[in-house]
Amino acid sequence: MNLTNVLRADPCSGETTRAFDEIVQEHKNRIYNYICRMTHDSPEAEDLTQEVFIKAYVSLRSFRHDAAIDTWLYRIATNLVIDRFRRRKRVPQHREMLEEEGDALADYPATDRESNPAASAELTELQAHVQRAIASLPPKLRSAVLLHDLEGLSQEEVAAAVGCPVGTVKSRLFNARALLRRKLAHYVESEP
Amino acid sequence: MTCDRARTSLPEYIDGGLTPAARFAVEAHLSGCELCRAECEAQRRLARLLASMPRRQLGAEFDAALSARIRELKAAPERAGTKLWTRLRLPMLPAWQALAVPVAVAALCLTLWRPWAQPGQTPRPSDHQAYTGRIMAAYDTGSVTDLAESEAVDEALRASSVERLIE
C-alpha cells in the first residue's frame, strides 16, 4: 500500500477508503487489546477503538509521514484513554477491574483447553494474575509496559506513541517491571 | 560492575538494546554473581509471561459499526472536523490558487451587482463621460425607453448645461 498516495488522495475517494480499510484490518486488534488493558472495560475499549479510527480517518491529511502508522494510531489511542481518565477524574478501581477481568479472560482463546483442562485452568489463573498486576500499575507505567512488552514497540516507538523522551520511557519501563516483578514474584521465581 | 549498575542495565540487556561493550560487561558480572543471575532469569520469565498474554479479536460488528460511521462522515464531513473548504478545494491546485477562483468570482459579482449603489442611482456625468455620451445619443435617436435611463439623460443634460454656463 502506498500510504503517500492514500494521504494525498481525496478522503472520499474509493482508493482512500480501500486503503484505510486495510489499515483498520491490520491494526484494529492490536489497538483494541492495548485499550482493553488500559481501561479494563471491554465495551468501552471497543467504542474507544472505533474513536481511534474515526480520528485517524478525519486527520489522514495531517498524518506526519515520518511516523509509522501504528505509532500514530497508538498515540491517538493513548490520548483518548488519558482523556477518558481525566473526564472521569479517576483511574479504574481495582474492585471493578477484578470483576471485569474474570469475564474478559473468558473471551480469550484458550490454547489447549480441551486437551488439558488442568493446565488450561492453571494458565488462565496465571494470566488473570498478570492481568491484575498490569491493572494495578499507574496509567503511565501501564501504557509503557503494554506498548513495549505486550505490543512489541521499541522504546523509541513507545516514546513517539506516548509523547515523551526515550529516557522517560526507559525509566517508566524499569519502574513498571520492578512493580510487576514484585507482584508476580511467586510466578516468576518459582517457574522451572 | 556493581550489582546496582548491573540490575539497572538488565531490562535493556534482556531487550537486546545494549551496546556490545555494555553487554559484555553485564554478562561478565552475571557470570560471577548468583543473585543478579537469578534476578535476570526472573525478569526474563516476566518478559515471556507478558508477551504470552492472550489477545482478543474484534468481531464483524466492529467493522460494520465503523463503516457506518465513516459513511456518516462522508455525508457530513464538516461536522466531524473536516473543513468543507478542504473538501471543495480542487486537489491538484495549491491552496492560494484555489482561493483565487472564488475571490475572482466574488469580485465579478460585486461589480455587476453594485450593492453600494442606491436604487435608480445613475453615474454622475462628470465621472462617466462615455456613459453620458451614450445615453444622450440614445435620447437623440429616441431609443430611451426606461424611466431610469430617461432621468439619467435629463440629469446629464442639466449637468452639461451647468458646465456650459460655467464656461
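All heavy atoms count here, side chains included; hydrogens, waters and symmetry mates do not.
Taken from CD in B/Gln43 to CZ in A/Arg177, the straight-line distance is 7.0 Å, to the nearest 0.5 Å. Atom OH of residue A/Tyr57 and atom CG of residue B/Leu73 lie 6.5 Å apart, to the nearest 0.5 angstrom. With values rounded to the nearest 0.5 angstrom, A/Arg30 atom CZ is found 13.5 Å from B/Leu58 atom CG. The distance from the CD atom of B/Glu39 to the CZ atom of A/Arg181 is 4.0 Å, given to the nearest 0.5 Å. Interatomic distance, CG of B/Leu49 versus CG of A/Leu180, reported as 9.5 Å (0.5 Å rounding).
Contacts between A/Ser154 and chain B at a heavy-atom distance below 4.5 Å are absent for every atom of the residue. Only the backbone of B/Arg7 comes within less than 4.5 Å of a heavy atom in chain A; its side chain stays farther off. No part of A/Lys55 comes within reach of chain B, as not one of its non-hydrogen atoms sits under 4.5 angstrom from that chain.
With contacts defined as side-chain heavy-atom distances shorter than 4.5 Å, the pair B/Leu50/A/Ile134 qualifies. Taking the side chain as every heavy atom from C-beta outward, B/Ile70 and A/Phe20 approach each other to under 4.5 Å. With contacts defined as side-chain heavy-atom distances shorter than 4.5 Å, the pair B/Leu66/A/Lys28 does not qualify. A heavy-atom distance below 4.5 Å is found between the side chains of B/Arg69 and A/Glu51.
Across all their heavy atoms, A/Gln127 and B/Met53 have their closest contact at O-CE, 3.4 Å. B/Phe62 approaches A/Val24 most closely through the heavy-atom pair CE2-CG1, 4.4 Å. Here the closest non-hydrogen pair linking B/Arg55 and A/Asn33 is CA-OD1, 3.4 Å.
A/Leu146 and B/Ile14 fall into different hydrophobic clusters, defined by Ile, Leu, Val, Met, Phe, Trp and Tyr side-chain heavy atoms under 4.5 Å apart, directly or through other members. The hydrophobic cluster containing A/Val58 also contains A/Ile31, counting ILVMFWY residues as joined when their side-chain heavy atoms lie under 4.5 angstrom apart, directly or transitively.
When each of A/Glu151, A/His148, A/Lys170, A/Gln50 is scored by its heavy-atom pairs under 4.5 Å with chain B, the top score falls to A/Gln50. Each of A/Asp21, A/Thr49, A/Leu173 has some count of heavy-atom pairs under 4.5 Å with chain B, and the biggest count is that of A/Thr49.
With A/Asp149 contributing its side chain and B/Ala51 its backbone, the two residues share no donor-acceptor pair below 3.5 Å.
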**Request:** Quick one: do B/Arg45 and A/Leu184 satisfy side chain to side chain contact (heavy atoms under 4.5 Å, CB included)? Show the steps, please.
**Result:** CA-CA 10 Å; B/Arg45 286 188 201 118; A/Leu184 299 169; over 6 Å; no

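In the displayed structure, B/Arg37 atom CZ is contacted under 6.0 Å by more than 12 heavy atoms of other residues, nucleotides or ligands.
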